[in-house]
**Q** 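Let me begin by handing over the structure; questions about it come next.
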There are 2 protein chains.
Amino acid sequence: MTGLNEQSREPFKTGGISRIQEKNRSLILEAALGEFSKKGFSGATVERIAAEAGMSKSNLLYYFPSKEAIYNAALAHILEVWLAPLKTLDPQGEPADELAAYIRQKIAMSATYPEASRLFANEVMQGAPQILPILETNLKRLVDEKCQVIEDWIAAGKIRRIDPVHLIFTIWATTQHYADFSVQIKALTGKDLSDEDFLRETEQSVTAIVLNGLGITWPQAEQGAE
Amino acid sequence: MTGLNEQSREPFKTGGISRIQEKNRSLILEAALGEFSKKGFSGATVERIAAEAGMSKSNLLYYFPSKEAIYNAALAHILEVWLAPLKTLDPQGEPADELAAYIRQKIAMSATYPEASRLFANEVMQGAPQILPILETNLKRLVDEKCQVIEDWIAAGKIRRIDPVHLIFTIWATTQHYADFSVQIKALTGKDLSDEDFLRETEQSVTAIVLNGLGITWPQAEQGAE
DNA sequence: TTGCATCTTGACCATTTGGTCAAATCGTTC
DNA sequence: GAACGATTTGACCAAATGGTCAAGATGCAA
């Protein structure tokens, strides 16, 4: 279990990355995301990832020195995009708009990148062996910052008093749930976020609960139109 | 991947289960819960489970015919208790009381049996290979029934109009999140549900959002007292 | 105590799997 | 097209692991 930041720099001595390198890395990372999110770290096999990426196991190991390195690379690859939405929460904006937009983005992420959500969930559930340091530094810094934004909204009387961190957890939990537990959701409703109507429905419901939960007069936009 | 319901009936030909059988089964299931929830199905090893249970691998395999059988038994063992709280949702009760009680129970479950939550989450995230049939039958029946209860509350004007199934998902997501992502929560807040104050705080926050989200006049009981 | 079923274990096996390596092929530059 | 580095692969290895088996230990009833 080495650090997350180390990348394989073996194959290219010169500064540039050949086109074939870039393509294969990308193929590998995509295949790795699929496999790791589906089977977990231990359940995934290097051979299957290689097959999925359309190359031999040996060749894959030419690009990444170990299974763990592939895993870390896949994780790092999704992490930034996965945590990006929170950064857009604007202190200047209206809480209703900002939070609704944040929820919408998070649900869109769950719909578009369910595998990323599951990979992340898997990692954290196993104790975050690879990304714990990042959670404790980068993510904590970001969350602290946004908690302050929420605090300010509370102080300004714009939303009901609540512990900001629990609000963030609630939004994370509800939105990611639809990706992580999509099988269960499909078993119970017959649909999941890949269904457009269900996506809108989910967006409506989650947004309604959270915003009303915060005492925000929530216009429930375009509800009449649909 | 055989069915979930089959249990190892090898060791005892006679109807009764010896005391030692009962004890060892229990030890094994407890150890299995710990290992499977920590490492996932593939990551867990029979030998470690056996060691944790204080016996040899061979002996463990005397009680359960295979790793998968242990997994299924552990899963079946927690499933009932895990889904029990929803059953207590009483159509006769007041929504505020009933939902608050349900949320409290679910959070208590997350605090008391976080491993069960993670085991369940893991199973579902991997596509519920073992319990999908149960989700589609037993759980669906239960959820449908409780959705009707919520519908009735809506029809009676007791809570805001919302799709009941999303309300249930929201409660599941928020409450289980504190068990499944406890490492992340600890990284961000320094605490988790094992901390009594944090437990109360979580209960308050989640209940407040959900109940207010449903437009329920929520007394916020004993908030002044604490 | 004896006898038998239950329980326990170490030795062993077959398979899976992460990773190595030398050889072969491909691509590019001169 | 020669040379050389980049890319690709099959053969192979060592460790881990799920599971079997025969033999031994233990508990219990008569």
Side-chain angles (χ1 to χ4, degrees), chain A residues 1-2 6-29 31-32 35-36 38-75 129-130, chain B residues 1-2 6-29 31-32 34-36 38-74 129-130:
Chain A
M1 292 298 179
T2 53
E6 59 179 79
Q7 296 196 3
S8 164
R9 302 210 178 277
E10 294 290 336
F12 46 98
K13 323 276 188 186
T14 61
I17 302 165
S18 71
R19 187 167 296 100
I20 184 159
Q21 283 249 354
E22 195 171 357
K23 191 188 93 186
N24 279 343
R25 295 238 168 194
S26 165
L27 283 173
I28 291 169
L29 287 182
E35 283 300 304
F36 283 128
K38 211 167 298 173
K39 311 288 193 76
F41 177 80
S42 308
T45 75
V46 177
E47 192 155 26
R48 213 192 317 264
I49 294 172
E52 188 92 7
M55 68 188 67
S56 68
K57 182 176 67 163
S58 303
N59 201 19
L60 186 152
L61 286 168
Y62 169 72
Y63 289 99
F64 293 89
S66 70
K67 182 185 182 182
E68 200 186 332
I70 309 168
Y71 179 75
N72 281 336
L75 208 47
Q130 307 296 325
Chain B
M1 292 299 177
T2 53
E6 60 179 80
Q7 295 196 5
S8 161
R9 303 209 177 278
E10 294 289 338
F12 46 97
K13 324 277 188 182
T14 61
I17 302 164
S18 73
R19 186 166 294 101
I20 186 162
Q21 283 248 354
E22 196 172 357
K23 192 187 94 186
N24 280 344
R25 294 236 167 196
S26 165
L27 284 173
I28 291 170
L29 288 182
E35 283 300 305
F36 284 128
K38 212 167 297 172
K39 311 289 192 77
F41 178 79
S42 307
T45 75
V46 176
E47 192 154 26
R48 213 193 317 265
I49 295 172
E52 187 92 8
M55 68 187 69
S56 69
K57 182 175 68 163
S58 303
N59 200 19
L60 186 153
L61 288 168
Y62 169 72
Y63 289 98
F64 292 90
S66 70
K67 183 185 183 182
E68 200 187 332
I70 308 169
Y71 180 75
N72 282 335
Q130 306 298 325

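Chain A is the first sequence line, chain B the second, and so forth, proteins listed ahead of strands; every chain is numbered from 1. Model, not experiment: these values are computed from the prediction.
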**Q** What is the separation between atom NZ on B:Lys23 and atom P on C:dC7, rounded to the nearest whole Å?
**A**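 Distance, rounded to whole Å: 12 Å.
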**Q** For the pair B:Lys39 (side chain) and B:Thr45 (backbone), establish whether a donor and an acceptor sit closer than 3.5 Å, ignoring hydrogens and angles.
**A**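 Such a contact is absent between B:Lys39 side chain and B:Thr45 backbone.
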**Q** Find out whether B:Ile49 and B:Phe64 are in side-chain contact, i.e. whether some heavy atom of one side chain is under 4.5 Å from a heavy atom of the other.
**A**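 No, their side chains stay 4.5 Å or more apart.
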**Q** With a cut-off of less than 4.0 Å, is there a side-chain N or O of A:Asn59 near OP1 or OP2 of D:dT9?
**A**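 Yes, A:Asn59 has a side-chain N/O under 4.0 Å of OP1/OP2 on D:dT9.
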**Q** Measuring to OP1 and OP2 of D:dA6, would you say a side-chain N or O of A:Asn24 lies under 4.0 angstrom away?
**A**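 No, outside the criterion.
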**Q** Would you kindly give the CG-to-P distance between A:Leu60 and D:dT9, to the nearest whole Å?
**A**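 My rounded result for the distance is 11 Å.
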**Q** Could you state the interatomic distance from OH (B:Tyr63) to CG (B:Leu27), rounded to the nearest 0.5 Å?
**A**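 One gets 9.5 Å once the value is rounded to the nearest 0.5 Å.
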**Q** How close or far is atom P of D:dG5 from atom CD1 of A:Ile20, stated in whole angstroms?
**A**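 A:Ile20 atom CD1 is separated from D:dG5 atom P by 18 Å.
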**Q** Could you give the NZ-to-C1' distance, from A:Lys39 to C:dT16, as a whole number of Å?
**A**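 Rounded to whole Å, this separation is 13 Å.
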**Q** When you check the gap from the basic side-chain N to the acidic O, do B:Arg48 and B:Glu35 get nearer than 4.0 Å?
**A**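 Salt bridge present between B:Arg48 and B:Glu35.
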**Q** Test B:Ile70 against B:Leu60 for side chain to side chain contact (heavy atoms under 4.5 Å, CB included), laying out the working first.
**A** CA-CA 9 Å; B:Ile70 308 169; B:Leu60 186 153; 3.0 Å; yes
**Q** Return a single string for nucleotides 22-30 of chain C, one symbol per nucleotide in 5' to 3' order, where B is base contact, S is sugar-phosphate-only contact and - is none, cutoff 4.0 angstrom on heavy atoms.
**A** ---------
**Q** For B:Glu22 and C:dT6, what is the distance between atoms CD and P respectively, to the nearest whole Å?
**A**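 To the nearest whole Å, that distance equals 17 Å.
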**Q** Would you check, one step at a time, whether the test side chain to side chain contact (heavy atoms under 4.5 Å, CB included) holds for B:Gln130 with B:Phe41?
**A** CA-CA 11 Å; B:Gln130 306 298 325; B:Phe41 178 79; over 6 Å; no
**Q** I need the OH-P distance between B:Tyr71 and D:dG19, as an integer number of Å.
**A**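 Going from OH in B:Tyr71 over to P in D:dG19 covers 15 Å.
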**Q** So does A:Tyr62 get a side-chain nitrogen or oxygen closer than 4.0 Å to the phosphate oxygens (OP1/OP2) of D:dT8?
**A**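 For A:Tyr62, the contact criterion (side-chain N or O under 4.0 Å from OP1 or OP2 of D:dT8) is not met.
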**Q** Please list, pair by pair, any protein nitrogen or oxygen found under 3.5 Å from a nitrogen or oxygen in nucleotides 17-19 of chain C.
**A**
residue	atom	partner	partner atom	Å
C:dG18	OP1	A:Ala44	O	3.4
C:dG18	OP1	A:Lys67	NZ	3.1
C:dG18	OP2	A:Val46	N	3.0
C:dG18	N7	A:Lys57	NZ	3.0
C:dG19	OP2	A:Lys67	N	2.6
C:dG19	N7	A:Lys57	NZ	3.2
C:dG19	O6	A:Lys57	NZ	2.8

**Q** Judged by atom type as modelled, is there a donor-acceptor pair below 3.5 Å linking the side chain of A:Lys38 to the main-chain atoms of A:Gly43?
**A**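 Flag not set: sc A:Lys38 to bb A:Gly43 has no pair under 3.5 Å.
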**Q** On the nucleotide D:dT7, are OP1 or OP2 found under 4.0 Å from the side-chain N or O atoms that A:Gln21 carries?
**A**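 Answer yes for this pair, as a side-chain N or O of A:Gln21 is under 4.0 Å from OP1 or OP2.
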**Q** Quick one: A:Phe64 CZ to D:dT8 P, roughly how many Å, whole number?
**A**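 Atom CZ in A:Phe64 sits about 13 Å away from atom P in D:dT8.
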**Q** What orientation do A:Phe36 and A:Tyr71 show, parallel under 30°, tilted 30 to 60°, or perpendicular over 60°?
**A**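 Because their plane-to-plane angle is over 60°, the rings of A:Phe36 and A:Tyr71 count as perpendicular.
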**Q** I need the B:Met55 CE to B:Tyr62 OH distance, nearest 0.5 Å.
**A**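 B:Met55 CE to B:Tyr62 OH: 11.5 Å, rounded to 0.5 Å.
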